[in-house]
Amino acid sequence: MSTSSQHQFRYTQTPSKVLHLRNLPWECIEEELKELCEPFGKIVNTKCNVGANRNQAFVEFADLNQAISMVSYYASSSEPAQVRGKTVYIQYSNRHEIVNNKGPGDVPGNVLLVTIEGVEAGDVSIDVIHLVFSAFGFVHKIATFEKAAGFQALIQFSDAETASSARNALDGRSIPRYLLPDHVGSCHLRISYSAHTDLNIKFQSYRSRDYTNPYLPVNPTAIEGLIQPTIGPDGKKKEFGSNVLLASIENMQYAVTVDVLHTVFSAFGTVQKIAIFEKNGQTQALIQYPDVTTAAIAREALEGHCIYDGGYCKLHLSYSRHTDLNVKAFSDKSRDYTIPDPSLLGAQVPATAWQNPQAAAIYPGTVSTTAQVPGGQMPSWDPTMQAVRPGFVPAPGTFPAQTYAAPPIPAYYPKALPAASSPIAQTSPITRAPNSMGITQPGISPSGNLQPSSASPTGHVSSPLAQTSSLAQGVVQPNARPGGMSPPGHRRYYG
DNA sequence: AGCACA
């Protein structure tokens, strides 16, 4: 009983066509294995990302002598075998062939199967998933579900190349903390390929989305699902949805104006009215949407997020008892966007036009430039989709009065637009510690140039939060094009 | 840094 375990250290190993490689970087991909081994012979099979740390691999040569030549070469070489600068240790495997190399999940396809470990289904919204994966290309569809393996999502890209770039960059990574509820510990993504090629999404709902077909009906029971989770965990605080959100603003180091709130909350639909007030020394605000659904989506997406980088102006959202606010139309603490600005009635541009460029474009149905997706099919990125981007504001003077009419489609649809880059990639633990709202990209910190309290006449709004939603920002972000570059960061770990 | 679980 004392000697049996000693066999694992074999100083004399039987040569095998199969080599065991360890101390690989966990990101190692098959191509890198081949690159390393091909000089010694023909590779007939590989298996990488093996083991708990995903840092081992197997390579099978066509011929035993090829494997022997590789082992003996590095046994006497002064230069060790390396992948991404890491020394790789090579031995004969104790098996003579690689079995089951290509499981179903290893066959590349355009649909990824993502398992989100360590979370409940309600912890990660579909919007967060969309944000994370949009960094690699246009996400066509997402379906989420719960299986024995945990919370899973199927994510459909245009093609296998895009899907694999997302897989290679995100497999094993975590969704940043600031995109998750506080109670979630680490949550790792395990990504494989699905055998699906085209997901059949029947409704826009809290568990599935079809971003190629914004006109897909909203599943009414799915809307319930959005509102239900707001019931307190203890069950005693039963909240019902309302079209009016109550926002408490924590750690308010910087001014939060009506305009800022409007920018942030407009990302999810038409904001009708806003009122800011003080209660118990804390700043609160009421934000009125046309309907409960829009409010629910905004609440879901913004709860716990900070308006400004650095943990400033953290939002806590609940449903108000109000359904229709009675506020002054134009004061510094309130705004009624349903009333046209009388001072500008004669002018070409309504007051809200420059303050809220996104308000009009949110609803494609009201904007003539909007592209209807034919048949709901969009095989690849279609630039006309940008018509629904906030950047596509109709020319001044074309602002129709019905801009604030009831939206013809679910208001959260625009949130589904591709994000600039993956928050995961942006906040790698190596290069940058995740902060409260680390996805504030273009240098809009409170200490920066842009004053949070001012809305620029050009329509460029000053909310990083809004930019994160890829919505309230009136500017098309240069790297936001799906199918474009990989996000910065995922190549950073060479060396 | 020491062998794969589909």
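What you see is a predicted model, and the numbers here were worked out from it, not measured in a lab. Chain A is the first sequence line, chain B the second, and so forth, proteins listed ahead of strands; every chain is numbered from 1.
- Ile90(A) places its CD1 atom 13 Å from the C1' atom of dA1(B), with the value rounded to the nearest Å.
- Residue side chain Tyr89(A) fails the stacking definition with respect to dG2(B), as its ring centre and the base's six-membered ring centre are not both under 5.5 angstrom apart and under 30 degrees in plane angle.
- For Lys47(A), whose side chain is taken as the heavy atoms from C-beta onward, the closest listed nucleotide among dA1(B), dC3(B), dA4(B) is dA4(B).
- The two atoms that bring His130(A) and Val139(A) nearest to each other are CD2-CB, 3.8 Å, heavy atoms only.
- Atom CH2 of Trp26(A) is separated from atom P of dA1(B) by 18 Å (rounded to the nearest Å).
- Between the CG atom of Asp106(A) and the P atom of dA6(B) there is a distance of 10 Å, rounded to whole Å.
- In this structure, Leu24(A) places its CG atom 13 Å from C1' of dG2(B), rounding to the nearest Å.
- Taking only side-chain nitrogens and oxygens, Arg95(A) comes nearer than 4.0 Å to OP1 or OP2 of dA4(B).
- The interatomic distance linking Asn45(A) (CG) with dA4(B) (P) rounds to 16 Å, in whole Å.
- Distance alone, capped at 3.5 Å, is enough to place a donor-acceptor pair between the Asn251(A) side chain and the Gly311(A) backbone.
- Using a 4.0 Å cut-off between a side-chain N of Lys or Arg and a carboxylate O of Asp or Glu, Lys17(A) and Glu97(A) do not qualify as a salt bridge.
- In terms of position along DNA chain B, the nucleotide closest to Asn55(A) lies nearer the 5' end than the nucleotide closest to the other residue of the pair Asn55(A) and Glu97(A).
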Original post:
How far apart are the C-alpha atoms of Arg177(A) and Asp182(A), what are their side-chain angles, what is the distance that settles it, and do they pass the salt bridge (Lys or Arg N to Asp or Glu O under 4.0 Å) test?
Top reply: CA-CA 8 Å; Arg177(A) 277 287 167 75; Asp182(A) 290 339; over 6 Å; no

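- Counting heavy atoms of neighbouring residues, nucleotides and ligands inside a 6.0 Å radius, atom CD of Glu38(A) exceeds 12 of them.
- As rounded to whole Å, 15 Å separates atom C1' of dC3(B) from atom CG of Asn23(A).
- For Asn94(A) and dG2(B), the CG to C1' distance is 10 Å, given to the nearest whole Å.
- Asp159(A) places no side-chain N or O within donor-acceptor distance of the main-chain N or O of Asn110(A), the cut-off being under 3.5 Å.
- Atom CG of Leu19(A) and atom C1' of dG2(B) are 14 Å apart (whole Å).
- Look at Asp210(A) and Lys202(A) and you find no salt bridge, because none of the NZ, NE, NH1 or NH2 atoms lies under 4.0 Å from a carboxylate O.
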**OP:** Please test Phe40(A) against Tyr73(A) for ring-ring contact (aromatic ring centres under 6.0 Å, His included), starting from the C-alpha separation and ending with a verdict.
**Re:** CA-CA 9 Å; Phe40(A) 301 94; Tyr73(A) 174 83; 5.4 Å; yes

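- Interface residues of residues 56-67 of chain A facing DNA chain B, ordered by number: Gln56(A), Phe58(A); criterion, heavy-atom separation under 4.0 Å.
- Checked for salt-bridge contact, Asp198(A) and Lys141(A) meet the test: a charged N lies under 4.0 Å from a carboxylate O.
- Within residues 70-80 of chain A, no residue approaches DNA chain B, by heavy-atom distance under 4.0 Å.
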